[in-house]
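These notes concern the structure reproduced below.
FYI, side chains are in, hydrogens and waters are out, and symmetry mates aren't considered; it's all heavy atoms of this structure. Per chain, numbering begins at 1; letters A, B, ... match sequence-line order.
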Amino acid sequence: MSGPIMDPRLAPPFPEAALPILQNTQLRNNVAHATDVIQAKRNRLVAEKKDWHELRTSASAIRAHVLANLAKYLEEFEANCTAAGGVVHWAKDASEARQIIIDILHEENATEVIKIKTMTSAEIQLNLALQATGITPIETDLAELILQLGEDEPSHIVVPALHVNRQQVREIFARQMDLPQLPDDPEALTAAARTYLRQKFLSVPTAISGANFLIAETGAVAIVESEGNGRMCLTLPRTLITLAGIEKVLPRFDDLEVMLQVLARSATGERLNPYNSLWSGVVPGDGPQRFHVVLLDNGRSEILGRKVERQTLQCIRCAACLNTCPVYRQTGGHAYGSPYAGPIGAILTPQLEHMRHAQSLPYASSLCGACYEVCPVKINIPEVLIDLRAKVVDQERLESKRLTDPMYLGMKAANFAFASASRFRMAQWFGKLGLRFFSDKDGWIRKLPSIGSRWTLSRDLPAMPDQTFRRWWAEREPERTREAKPEREARSKTEAR
Amino acid sequence: MTASSRHTILDRIRTATADDSNRYEDLPRSYIREGALQSQARLQLMTERLHEYGAEVMECTPADLATAIAHQLDLSGRHQFVVPERLPEEWLAKGFTWLVDQSLSNDQIEQCGGVMTAASAGVAESGTIVLHHGPTEGRRVISLLPDFHLCIIRASQIVETLPEYFARTPNPPRLATFISGPSATADIEMTRIKGVHGPRFLSAIIVRDDA
């Protein structure tokens, strides 16, 4: 099984990547089931929370405040983490972050490294780089383990293997763990993972984590999880490396009273998730005695400078927008060609790529606004999507080859035709004539050539009617004038009553 | 390499945020910060939430604590327990083997059937037990590797809402673990399975020091 392409530089455009997935009934059933279950739990727990809107308002304001004062809080975090015994590194981009991590691991003579689920490490494609230098990454989150052993890729920010069902997990585990008798109930599968990983936890001396939050005031890192694999990786190894986007910082310890509440309810529909861990630097005698934090920019400071787009960085990766999105719910995550799927991925991925790749993603949305409604930090995703679409169009307009671009020429032609009634009438006549070749007998057009195929890729088009509206109106006109008088009389009678 | 990157990144950020000013003190905070429940109702809520997670819960008076501990440990069907260094002597009930954690190895801890610790705080609304990993809660590893965790929490440590916990913790701890139910996963078809890596069995004794 070869996995889907999750590198935005290599992935096909969204509509192309989505097509085969839409034919995959099994995958769509798995995604529908999982998103339904999480949404139902989330909605129930949000409904019971009397101060949900106040919490959301605060969460949004705290995140916006952090971004407006990001340099100050990062420096404060760095100072406090360093004072507590941590080592803080700064990485401009993905390759620098990979190199820093690999250098640390080489210094540790590491051949293996245990990992807590981190989307940021997928963003910088860390696992491939580690393997290339002879270091084996071992994913310890159950979902990530399923994907790693199945040579698959994450399709969701919180439950990355939601597209895989129990029979598929059984097959992967039975093959990779050499357990031919393994049954397919989730309990047995979970137990198999527990046994498989326990020895790794106890023997591998280096670990890599992401970060849910960095606390400026204390230099602490917070990790939110359910399984306990996080606690294992944060506690047992000798050396721990935390990779965190620069936007992850919070001003104070107390701010967790807001963020932990909105995150748990939005992400998994829990009042609080089973385990939250917080640690500041190195604590003698307890946990890793060498601790590194790698702060990753990788396009984030550029997003920060754009007025409308800055809010993208408020995200706390709860994935509520994925679960509610009518597009994500049909395609799952792989169609987005990036570890960040769904509405947040559609705005984050192209920006992390400096708008040079993944330009189809801002269009992977119906702009229905469901994502904005559920977002615990109130990111106006539709607003950002529209702004990014404008940027994509601006880009295309700047390209010198536009005179051979059918879309550009088509728009120019439409502009010309719509500007005058007689030209418009003529265009309609030609259109009817031309489209007749593509119309099926039942009056629908299902496949157009060239630029038109962009429309018929995902929608059918009714054939042009024999009579245009303008013609119908013109023919109706004398009739209407005749009927107008009695009609008016009837109306005035009704009104009098 | 990273010294110059630090400079570059901070520079970029400063340029991007040059015109911003926005005071931390002015951030809106109109969410619920104080609970409304009386102490009996608060403890009842804590108990209900812990039950929802499948945890065992019992209440006792300070005088009956030793008996309650022996009872809960008996119920667990285990005999050997790790404890942090400075638990009160009278908590270590007779008839069980106690391993006091003075830098025990991970393997020694792993071999133990269970662990008993005190707690730093409790939050009723979410059924959360907070450990700050001081001398009575112990190192993080001892409440992680054994399969059974008995946690002793005083009624006066239990608040109703999460913001109340933060209000009561003016000096942030170096280490903290928030436990809201035993280790769990829903990664396979969203079916909730207890006990992936952390302790599979959580048991709590609430000591009524508030009476």
Side-chain angles (χ1 to χ4, degrees), chain A residues 33-34 37 50-51 54-55 57-58 61-62 65 68-71 89-92 96 100 142-143 159 161 165-166 169 186-187 189-190 194 202 218 226-229 231-232 235-236 246 251 253-254 257-258 260-261 271-280 283 285-287 297 301 304-305, chain B residues 1-2 5-6 8-10 12-17 20-22 24 27-32 49 53 103 106-107 110 123 125-128 133 139-141 144 162-163 165-166 169 172-191 193 195-199:
Chain A
H33 170 70
V37 172
K50 289 193 209 81
D51 56 344
E54 289 78 10
L55 281 168
T57 300
S58 291
I62 292 170
H65 169 81
N69 301 277
L70 191 57
H89 309 259
W90 301 73
K92 282 199 295 280
E96 220 171 81
I100 293 167
L142 179 58
V159 273
N165 66 13
R166 64 180 75 188
V169 176
E187 193 135 3
L189 296 169
T190 306
R194 178 183 171 106
L202 289 167
T218 60
S226 301
E227 295 174 9
N229 66 306
R231 293 176 69 192
M232 293 279 178
T235 307
L236 299 175
I246 50 173
F253 177 62
D254 291 5
E257 73 188 24
V258 176
L260 292 179
Q261 294 202 67
R271 294 185 182 92
L272 270 189
N273 43 282
Y275 298 138
N276 294 330
S277 295
L278 262 151
W279 71 98
S280 301
V283 179
D286 192 337
D297 184 339
S301 56
L304 196 65
Chain B
M1 175 167 72
T2 87
S5 296
R6 176 183 189 278
T8 313
I9 295 169
L10 286 172
R12 283 183 194 161
I13 294 173
R14 286 207 181 87
T15 314
T17 56
D20 290 306
S21 66
N22 167 332
Y24 183 81
L27 293 177
R29 303 230 179 226
S30 48
Y31 51 87
I32 297 171
R49 293 293 188 242
Y53 298 137
S103 40
N106 292 345
D107 285 332
E110 158 91 0
V123 181
E125 189 192 8
S126 51
T128 302
H133 304 286
R139 294 191 295 149
R140 286 179 288 175
V141 63
L144 177 61
L162 191 65
Y165 157 77
F166 283 92
T169 316
R174 285 289 295 275
L175 293 172
T177 305
F178 294 59
I179 300 171
S180 309
S183 154
T185 185
D187 275 343
I188 303 173
E189 295 188 6
M190 306 314 293
T191 312
I193 304 294
V196 195
H197 303 296

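Of the residues considered (B:T191, B:D107, B:I179, B:T128), B:I179 shows the highest number of contacts with chain A, using heavy-atom pairs under 4.5 Å. Taking chain A as the reference chain and counting heavy-atom pairs below 4.5 Å, the highest number among B:V141, B:L144, B:T169 is found for B:L144. With respect to chain A, the highest number of heavy-atom pairs below 4.5 Å among B:P163, B:G181, B:S30 belongs to B:P163. Contact count against chain A (heavy-atom pairs under 4.5 Å) is highest for B:A176 among B:S103, B:G198, B:A176. When each of A:A61, A:G305, A:S301 is scored by its heavy-atom pairs under 4.5 Å with chain B, the top score falls to A:S301. For the set A:R271, A:Q261, A:K50, A:H33, the count of heavy-atom pairs under 4.5 angstrom toward chain B peaks at A:R271. Comparing A:V258, A:D51, A:V283 by heavy-atom pairs within less than 4.5 Å of chain B, the highest count is held by A:D51.
In this structure, chain B has heavy atoms under 4.5 Å from both the backbone and the side chain of A:V159. With a 4.5 angstrom heavy-atom cutoff, A:T218 touches chain B only via side-chain atoms. Residue contact with chain B, scored on non-hydrogen atoms closer than 4.5 Å, involves the side chain of A:N69 exclusively. Only the side chain of A:L202 comes within contact range of chain B, with at least one heavy atom under 4.5 Å from a heavy atom of that chain.
From A:H65, atom NE2 reaches atom CG of B:N22 across 5.5 Å, with rounding to the nearest 0.5 Å.
Of the residues listed (B:R174, B:R139, B:R140), the one engaging A:D286 in a salt bridge (charged side-chain N to carboxylate O under 4.0 Å, His left out) is B:R140, and it is the only one.
Among residues two or more places apart in sequence or in another chain, the side chain to side chain donor-acceptor pair (under 3.5 Å) test is passed with B:Y31 by A:E257, B:R29.
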